[in-house]
Amino acid sequence: MEGNIITVDTETTGLNPYRGHRIFCWGYMTDKGEYGFCSKSKESIAWLKKLLNDSTKTIVFHNAKFDLKMLMFEGIDIFNLKADIHCTLILSKLYSISGKYNLRSLAQQYCNRDTTDKDEIILWLKRNGRQFVKENGRPPNFKDAPIELVKKRCLWDVESTLLLFIALRKKVTWDKELSKLYDTERKIMYVCIDMENTGVKVDRARAIKLKQECKWGVRTLQKLLNSIVCPLQIREEKVIDFKANSSALHLPAAFKKLGIRLEYRTKPKIIGKNEGKWSFDRYSMLQYTHKHLIKLMRVSSEKGWKIKDFYKIFAAQVKKYRLKKKDCFPAIVLKIREQIKLISTYYDNILNESIVNTGILHGTFNPSQAITGRFSSSNPINLQNIPRLSGPRECFICRDNTVNVYFDYKQVEMKFFVHFAKDKLMAKAIEEDIHIYVATQIYKLPKEQITKEQRQRAKGINFGIIYGAGPNKIAETLTKDGLPTNEYEARVLFESYHESFPSVQETTNKIRLKLLREGYISNPFGRRYHIPTHLAYKGLNYLCQGTSADLMKESMARIWSFLNVNGLKSKIIQTIHDELIVEIAMDEQEIIPRIKSLMEDHKRFFLPITVDISVSTSRWSEKEEWKITL
DNA sequence: TCCCCTTGCCC
DNA sequence: GTACGGGCAAGGGGAC
C-alpha cells in the first residue's frame, strides 16, 4: 500500500458490543487513492490488525472510539497499536463552528460533498423493516441490508473521512493549544473504552427489592388518586385510571374537577404567539400543595425516605389536620411521579441492562457530545444522573476485593467562576465557606447571624448566577429546592448579589465584547466556544464548565497512564463531571494519595484546585469520607 | 410509528 | 427590551 494516511470505517450489526453487536464488514481509503471493501473474515481482520500496527501509517476513523471498541471485540489489542490513530469527529468538535457533527453534514460543510442523496440503508431499513420482522422475528440491522448499499455507504464514508481529515487536521494542529487538547482527547478514547469495558457492578437482588417497594407505592397512591378524581371526563371518554404523567389531559381535567384554579403555564414556544400550556411540574405543584404537606414533601425528598415511611407520616398528617381529599391531591401526584420515575428510568434499566450472572452494567461515556467539553453518558443507561438520595445508588456495589474511591474536585466550578471574575474577596471566602460569605453580603449581616436557610438560599443563588439565571429562575429553583421564594424576594437578592459582586457582570460584559469582536471565546485549555452575541450570558458558564471538564480529562488521561504503566489492577470506572470513581484493588490502596495528587493543581489557576476523597466498601449510597488507613 | 413536549434526574 | 448552563431518558399524545 502506497498511501500513508488510511481512513477506515467498520460497519456493525448494532451499537452495543455487550449486546452481541459485531463488525460484519469494513472499508478503507488511502491518500493515494487506494481503496477497498471486504467482509469480516479471519484474513481480513488479520490484515487490518497488521495495518493498525504499522508504525509508518496514520489511521483515521470518524468516531474512532466506536470503531476501536468494536475492533477490540475482534481480538485486536487496541490499547497498544503502533500506527498513529486519529479521529475526525474529535477534530471537528475541537474546530467546532457548526452544531452538526455527523459525517454527512461535516462532509458537506468542509469538503463540499454532495449530500442530496438520502442514506439508502436507512431508507431500506425503513421500507423493509416490518416485513423483515414478520419473517425473522427481529428488526433488521445493517448486515441485513443489500451488501451493495452497505459498500456504497462505507466507501462514501471513508472518502469523506479522508477529505475531512485533510481539511481539518492542520486547522487543529497549527494551534498549539488545540493540538494539545486533541492529544488529550485521543488518549481519552482509550480511557473511555477501558472504563466502559470494565463496567460497574450492580446488586440485582437489591434492585428487585427496591423496585417492589416503589411498585407498592404506585399501587397505593394510584388507588388514592382514582378515588379522589375518577371517573374523570376527558373529551367523550370517562377515565377511571388517572395518569399522573398526563399534563396535557388528565391533570388539567382533575384540577378542574377539584375546583383548583390553575395559575402556572409553561414557556410558550413562540413568544407572544401562544400563552403556553398549563404547567404541572414540581414547582407549580408545590404552589398548589396544602401548607401542612409542603414540609413533608421537602423533607421526604431531602432525606430520601422510602415510600412506606412517607406514606405513614402522610396518613398521620392527613388525620391530624383533617385534610380533605382534594388537599392531598397535588402531593400525591408528586409522590407517585417520583415512584414511576424511579422504576422506569432506574430500576428497570439496572435490571434489564446488567448481565444477569455477573451483575456488570456497561454504560457508554461520550467525551465529545457536550459543547462545553464535558462527558455525557447514555446507552443503555445514563450513569451520570443516578439519584443521590432515593434508592438507586444502593444498587451500585463494589466488586470483590476492591473498594470504590470517589475523587471529587472540591467546589471546582465555583473556583473557576472566581478565577474568571478575578474577585479577590470571593477568592478569600472560598477557602472557608463561599455560601456563607455570599449570604453575609446579600443579607448584609455578620456571619454569626447567618441561618442555615440563608446559607442555602445563597448557595442556590451562587449556582443560579453561574448558570446565568435571572430573578424569576432563581425564585423557581429555590422554591423547587424547598425554599419558597417569590419573584420579588428573588429580585431583591439578585440585585443585592450584583451590587456586592460587580466583577461578575463586568466579566460577562467582557465576554460579550470578545464575542462581538472575535465570534468565539476560549477556555484556559484553548477549547473554543462559538456563541452568538445575544447569548453572551452563557459564556461564563461555558468557561466554568469547560475548564472543569478539560481539567478532568487531563487528569483521567494521566491516571490511566499511571495505572497502566505500573501494571496495576485498579480501574477508572465512572466520571460524573467533577467526580472520578476509581475501583481500587484491595492490595493497591496505597495509590489513593497518588491519584489525588495527579488530579490536583495548585499552580495554573487563580485558586488551588484540590480534591476530596470518599470511599465505599459496599454500596455507592454508603460512601463516606476517606481517612488515611495505610 | 414517529416526533415533539413536558417532566425530572445529575453536575 | 432580556433571562438557567450542560446532559439523557421516559411517558403522553398529536401528526401522519
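Each chain gets a letter, A, B and so on, in the order its sequence line appears, and its residues count up from 1. Note that this is a predicted model, so its numbers are computed, not measured.
By the 6.0 Å and 45° rule, A:Lys553 stacks over the aromatic ring of A:Phe375. With A:Phe310 as the aromatic partner, A:Lys335 meets the cation-pi criteria of under 6.0 angstrom to the ring centre and within 45 degrees of the ring axis.
Evaluation of atom-type donor-acceptor distances gives no pair under 3.5 Å for the side chain of A:Arg388 against the base of B:dC10. Between the side chain of A:Thr477 and the base of C:dC4, a donor-acceptor pair under 3.5 Å is found. A:Gln545 contributes a side-chain N or O that forms a donor-acceptor pair with the base of C:dG5 under 3.5 Å.
Residues A:Leu551 and A:Thr547 have side chains not in contact (no heavy-atom distance under 4.5 Å, counting atoms from C-beta outward).
A salt bridge links A:Glu185 with A:Arg527: at least one charged nitrogen is closer than 4.0 Å to a carboxylate oxygen.
When the C1' atom of C:dA9 is taken as reference, atom CG of A:Asn352 falls 14 Å away, rounded to whole Å. With rounding to whole Å, A:Glu476 atom CD is found 15 Å from C:dA3 atom P. For A:Asn385 and C:dG6, the CG to P distance is 17 Å, given to the nearest whole Å.
In terms of position along DNA chain C, the nucleotide closest to A:Asn472 lies nearer the 5' end than the nucleotide closest to the other residue of the pair A:His577 and A:Asn472.
Nearest to the side chain of A:Lys277, among B:dC5, B:dT7, C:dG7, sits B:dC5.
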Do any N or O atoms of the protein come closer than 3.5 Å to N or O atoms of nucleotides 10-14 of chain C, and which pairs are they?
residue: C:dA10; atom: OP1; partner: A:Asn349; partner atom: ND2; Å: 3.2
residue: C:dG12; atom: O3'; partner: A:Ser246; partner atom: OG; Å: 3.4
residue: C:dG13; atom: OP1; partner: A:Ser246; partner atom: OG; Å: 2.4
residue: C:dG14; atom: OP1; partner: A:Arg235; partner atom: NH2; Å: 2.6

